[in-house]
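What follows is a single structure, written as structure tokens, with notes after it.
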Amino acid sequence: MAAKNLDYQPVERSGHSTVIVGDYLYMWGGKQTDLPEVHNDENKKAMTSVMEMCYLPTGKWEQRPTNGNPPLGVEGYSSVAIGKFIYYFGGYCGHDDCFHNSLYSFNVDTFNWRELSPSSPDHHGPKMKAYSAMVAVQLNGEDYLAVIGGRGSSSSNRYYSEIHYYELSSGKWVSPRVTRWRLHSIHSFTLTSVTSNMAILFGGRTAYGYNSNLFVISFAKTSVDILEAPNPGGSVQWPEGRYAHCSVLVSCDAGPHLLVIGGVLKNFRNAYDTWLLDINNRNWMKLFADLPFSVTWREYYSLSSWNVTRTTSWMIMFGGETTYNSTAVIELTFASRMHWSSRYIYLDWYEEELAERKREWQIQLDEEVYQIDKDRQYEQLFQDEYDEEIFQQTKELKVILKKENEAQFTQQLQKVTYLLEQLYIAKASLEEQNLQLQNQIKEEQRLMASTLKKQKEREDAHEEQDEIIKSLENKLDEEKKEEKKLRQGLQEKIESLQQQLHQQVKDHKDASVQFDYLIPQSDSLDSSVIIAGQKLFILQGDRSHSLQWEKYGFRLECPQGAASKDTEVAVSALAGGNFKVPKGTVLVSAVYAISVSKGLLKPLVIELQHCVDLRKTSQTGCLKFVRAPLKSPYQFSIVEGGCFRVGKRYGSIKRDQFCCMGIVAEMSNGDTPSDSESEEGYETPPEGSNDDTHNVSVNGAGETSTSQLSLMNSAGLVNDGSNQEVQVESNSGTLNEASIASIKLSEGEVKQRTSNNKGVAQNDVLYTGMMYHEEKKVNQWMTTFSVVRDLKVLQQYLQNTHSNAEQDGPFVIFKYNQPDGILQLCLQDTPSLESGWTVHPDQSPIQIPQYVVDKFIDNPMCSSIHISVYAKPGIAKDPLHCPIELIGIDPSKIIYINRTPPLSHTNSTSSSSSTASISQTRRETEEGTFRSDIAHRVMTECTGMIKERLDLNTLIDKLLEKRMINERERNKALDERCGLTANQRMDELLSLVKASIREDGEDFGLFLEIIKQENTRRADRLAQTLLDNYNSIDAHEPTRFSTWHSDYLDSYLGVTWTHPRRTWLMMADSGGLDRVLDGDDKEVFRGFLMKNHLGEMISILEASDPTLFYSLSIDCSKLANCMIGLWEKLYKSPLDTLPILNQVLKKTLKLLASTKEGTDIILKDNVEVRVHNLPSFEEYTRDRVPLASDVGKFLSFNGTVVRTSSVKLLEKSKCYKCEKCGEVFSVETEFEQCYTIPKPSSYKDNPLEGRNVIIASFCPQVFGLYIVKLSICLALVGGVQYVDESGTRVRGDCHLLLVGDPVSLPYTY
């Protein structure tokens, strides 16, 4: 048999060890012939800075260099693997008596050495020694290294019995306590791990001789339990005492077994035997295998076990101090508990043997599966026959019993009838007697209870009085102590905050700002000003900000790029002072002193809270923003601009200059008399004026003069006449808290003041607006109002893209009031909206800026407002006539949406009425409920705070009482013996609570009730914090569905109900959402791109190189908030959804490119949508390796990048050409072979080797049988040619004789 060439074999060595990690066997160090016997030099470091690796699937060795400094103990060290790290301890240096106790780790991914514990005789860990043993143990979820025994230098105690732990998490050595049995000083033994906290010790050399006893070692957190199993002697099979041997763990169906091979026996004799220990039964068995001396005659070698199949394991050994020190492979096969077979595997046929074992194992598995299926069929057949027999017998018994029961039933019925008559007579008599007895007993009990109650009341009165007095005294003392501590803590906190504030003001005092006002602080204001609170905001210019100060009604919106990095915004809320407002106005908000530390690049959006109840759009004109310089007297002047919306208590304005800001309400004539006669005829000066003649609206501590505001009923006013009332509620620090004022303004007066207060020169450019309708579905229209500069462009656009559009009303020709003005569309109330019609805009705010119309002159889609109009079948019977007021233009106009309801049918009317009824019921019952997603987010963010302030045992009982957990989960959380700490059990309990809240938001309310039942101030603060966080997120969370989709789904799927500030959906079935969104996904996503990524798309079009690849990054959190249906599709099937989004993006870019002509616009073909910032929910994020169920979904995976490499091209195929025949053939790569392409071999100079390759490829399913395959091949291609009688050349007959069975059975025991 010809031997195969092995590419590489490691250098001969001894006193080393091998470790298997993955598919590789790692070998390092050892006593080598050429290794210098010095402590350390460059030659020794070069020889030890390599790692020998054997790839187990092929049996090929390779050598790879390592990084860093390797250990100095190269001989007799101990090694063990945990994950991707191999740990090396101690060892002999190779010269004199130089031993080490250092601990190193080796990373198999990076090939880096790392010193965990240096070698030193002074530290508290193990002694400096070699030939000890080390195993990896896991205790309470933490990894440890256990080191036992060893041999040191001759100058110290030569043999050791010490045991040490090394805790990987803390990097410290620990000396555990030894119980039951203490080991003798021992070295050169084997310590084999059986479980994560148990190991088997066998053999070794002690000061008393060679050890033949067996020790079972159990590891605990602080102790080590050692159980000795001594050699019983006699006829019991038991190996001799030995050392310098090797042992490995072999796993099979019969349980774990320990394999021991070789070593040194008494009188320095070599052991040629092989032993196998049944660990569970502790029975030894000697394997009488004809293994060569090259396997059994070894000492100080390495041995590792590799499970090839469930019943077959291969033992790979290398090195040793004997003559036989090369690589050897042994196969150990399990047949039954007492029947094992072993054989030697030749390295020349390593891969063929491995393939043969796996094929045999697969055949065996197939046979077992077939037999199991066959047994199941027989069982089912027998079961069917048995069931049929039982059924027939039961049927016959029923017939017999029925006949017998009918005769007995007739006789028994007569007896029962007679007995019932007698029973009713006796029952009536007993009831009468029982009633009399009960009356007597009740009377006696009443008298006795009355007497006892009076006596007990007298006794309890004295006891309760004493206890109440005592408890009140104790409570008073505790409250005094608590009050004293709070006062001290509050005073210290106030002093600390004042110091920080003064320091910040001092640091920024010399900052260059773009306005002439100082940072507002207490020493910059006069004595008349009352400061309610101060706050400092920090802005980062690289992203947008949304900052809130809800306590004092202040909000700040900072767009991206509006401020430079670390820009500070200081805000002081002023509750009162010498404030002067323009004549005819009253202050309806707090005054805010605002300043910034650096110059602004863009205006900021300021939102201030006012106390006016705006019920109609016409009332918004009475509110104005005012400003005043930061000096006394504080003279306010009206600021143009600002936005006030119906039903909102916040007004917003864009500002790039700040000082004192506030909101005033204009009074009707005679409502607000001036404070002195000298102020009559006063007019509000423009912004920037220094006119001091202002009316003082608030004096002292913020009390409102009764001459300025007329009191009204706190329930509010309702006036249906021509005059409209604006309800004003008092705000803390601005108006009297006990008063509520109303300001009466006629509708005409509001419009007149709105028109007079514009004060900005109008633009001379004329614009044209037009409203048109498109019917989307039954009872559903899309109403669009478009503004263009050229009417022909709009008409051409409608003809090309909206040919079925229907114009509504005449054209609107107007001018914008001011440069870069904004056209505001205000929907007006109308009775038709209450009779089955629904009108909702598809975006908010409903505005068309002038710069958008000017920029996209040829694209009316960019300057359009879409409004959804829906008529409920059977309810909307009258025509719709909905007014829309156009504000911000000259002249102001009112346009109308006119629609006629379609014909309705009886069925649709009934369905719509039912839907409306259910919808109304939901609105009434769901008011004040909690959203499950927001509540889950609050619980996740506040988990640490909850764990600090709540007791585990008390919380478990309350959760069980509220039925948020069951009894089994309660017992698991209270079980202290489960191996988990109290903190970990608290985490699991809160995970159950969060899962329950995730399913139903009402459980969040129950959890708040549980916290409040603690009845402590700390628990109350925790509950209030959770509720405040929920309200903060709830107030700024955008709606999940657009109102158009909500009303459409109302009729298509199921019902809708109204939650505070939200519209929610209850679908009739889970597939309904996909049916609705399929038709409008592309249009809705196009609108999302135009609204949020218009600038980025223009930048892509203006890029100069069309050959590059461009991407548009989409924020998934924002996409999920705006279009939850589209996000669900993208999350579940990204491979199908992303190409559609790419097409929409390309069409949108093409549409934008068509609206702007010029050489700077180039349409790009290589542009795609990319996504980032997935929503922070559990179903979208993973903190460990994803599972198979996550394939095909978008996930956010957290991890640490440990290694990166350069980008490489993946070669998938190669073409080769035969030099002899010229044929060209292709070789494809395979994933299992790591995409490697083997080069075709040429055997021109070595034809016999080519013959061997042909024979190996002949019938590869049959392993071995080289001679038989060679004979068959020769018979197939051979034969003597001859000419038959007809003159035809034919091939001679093939003859082949095979003698004997080519298969040799293995030895069995």
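Here the structure is a predicted model, which means the values were calculated and not measured.
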Inset, instruction - With the side chain counted from C-beta on, respond yes when Val839 and Ile897 share a heavy-atom pair under 4.5 Å apart, and no when they do not. - result: yes
Inset, instruction - Could you walk me through whether Leu1112 and Met1097 pass the side chain to side chain contact (heavy atoms under 4.5 Å, CB included) test, one step at a time? - result: CA-CA 8 Å; Leu1112 184 66; Met1097 291 190 293; 4.2 Å; yes
Inset, instruction - Verify the neighbour count for atom CZ of Arg1086: are there more than 12 heavy atoms of other residues, nucleotides or ligands below 6.0 Å? - result: yes
Legend entry - CG-CD1 distance between Asn1029 and Ile934, expressed to the nearest 0.5 angstrom: 11.5 Å
Legend entry - Student check: side-chain heavy atoms of Val853 and Val788 closer than 4.5 Å: no
Inset, instruction - Give, for atom CD of Gln796 and atom CG of Leu791, the distance between the pair rounded to the nearest 0.5 Å. - result: 12.0 Å
Inset, instruction - Test Thr900 against Leu880 for side chain to side chain contact (heavy atoms under 4.5 Å, CB included), laying out the working first. - result: CA-CA 6 Å; Thr900 302; Leu880 173 66; over 6 Å; no
Legend entry - CG on Leu1163 to NZ on Lys1150, rounded to 0.5 Å: 7.5 Å
Legend entry - Short N-O contact, Glu557 and Arg555, less than 4.0 angstrom: no
Legend entry - side chain to side chain contact (heavy atoms under 4.5 Å, CB included) between Ile867 and His840, intermediate numbers included: CA-CA 6 Å; Ile867 302 174; His840 287 298; 6.0 Å; no
Distance-only criterion, 3.5 Å: show the donor-acceptor pairs between side-chain atoms of residues 1134-1146 and protein atoms not counting sequence neighbours.
{"residue": "Thr1137", "atom": "OG1", "partner": "Lys1129", "partner atom": "O", "Å": "3.3"}
{"residue": "Thr1137", "atom": "OG1", "partner": "Ser1133", "partner atom": "O", "Å": "2.9"}
{"residue": "Asn1142", "atom": "OD1", "partner": "Val1169", "partner atom": "N", "Å": "2.7"}
{"residue": "Asn1142", "atom": "ND2", "partner": "Leu1138", "partner atom": "O", "Å": "3.3"}
{"residue": "Lys1146", "atom": "NZ", "partner": "Asp1165", "partner atom": "O", "Å": "3.4"}

Inset, instruction - Side-chain contact test, heavy atoms from C-beta onward, threshold under 4.5 Å: evaluate it for Val812 versus Leu886 and give yes or no. - result: yes
Inset, instruction - Taking atom types as modelled, find out whether Asp854 and Tyr767 have a side-chain donor-acceptor pair closer than 3.5 angstrom. - result: yes
Inset, instruction - Search all heavy atoms of Ala1103 against all heavy atoms of Lys1164 and return the closest pair with its distance. - result: O-NZ, 3.0 Å
Inset, instruction - Kindly compute the distance separating CH2 (Trp781) from NE2 (His773), expressed to the nearest 0.5 Å. - result: 9.5 Å
Legend entry - Heavy-atom pair with the smallest gap, counting every atom of Ser1213 and Glu1228: CB-OE1, 3.4 Å
Legend entry - Leu1126 side chain reached by Phe1088 side chain, heavy atoms, under 4.5 Å: no
Inset, instruction - Quick one: closest heavy-atom pair of Leu1101 and Ala1153, and the distance? - result: CD1-N, 3.9 Å
Legend entry - Expected output: side-chain Ser1226 to main-chain Cys1215 donor-acceptor under 3.5 Å: no
Legend entry - Within-4.5 Å side-chain heavy-atom neighbours: Asp790 and Ile857: no
Inset, instruction - Would you indicate whether the side-chain heavy atoms of Arg789 and Thr768 approach each other to under 4.5 Å? - result: no
Inset, instruction - Could you tell me whether Arg899 and Glu806 have a side-chain N and a carboxylate O separated by less than 4.0 Å? - result: yes
Inset, instruction - Indicate the atoms forming the closest heavy-atom contact of Phe811 with Met770, along with that distance. - result: CE2-SD, 3.1 Å
Legend entry - Short side-chain to backbone donor-acceptor contact, Gln807 and Ala805, under 3.5 Å: no
Legend entry - 4.5 Å side-chain heavy-atom contact, Leu1094 and Val852: no
Legend entry - Pairwise distance CG(Asp1000) to CZ(Phe930) - rounded to 0.5 angstrom: 11.5 Å
Inset, instruction - Would you check if the side chain of His1172 reaches a backbone N or O of Ile1114 as a donor-acceptor pair within less than 3.5 Å? - result: yes
Legend entry - Nearest atoms (heavy-atom pairs only) where Ser864 meets Ser786: OG-OG, 2.7 Å
Inset, instruction - Check whether any side-chain heavy atom of Thr784 lies under 4.5 Å from a side-chain heavy atom of Glu774, and answer yes or no. - result: no
Legend entry - Least distance between heavy atoms, Leu798 atom then Tyr772 atom: CD2-CZ, 3.4 Å
Legend entry - Gap between atom CD of Gln850 and atom OG of Ser863 - 0.5 Å precision: 12.0 Å
Legend entry - Pair His802 and Tyr797, ring centroids less than 6.0 Å apart: yes
Inset, instruction - Dump the intermediate steps for side chain to side chain contact (heavy atoms under 4.5 Å, CB included) on Phe785 and Ile884, then the final yes or no. - result: CA-CA 11 Å; Phe785 182 77; Ile884 300 178; over 6 Å; no
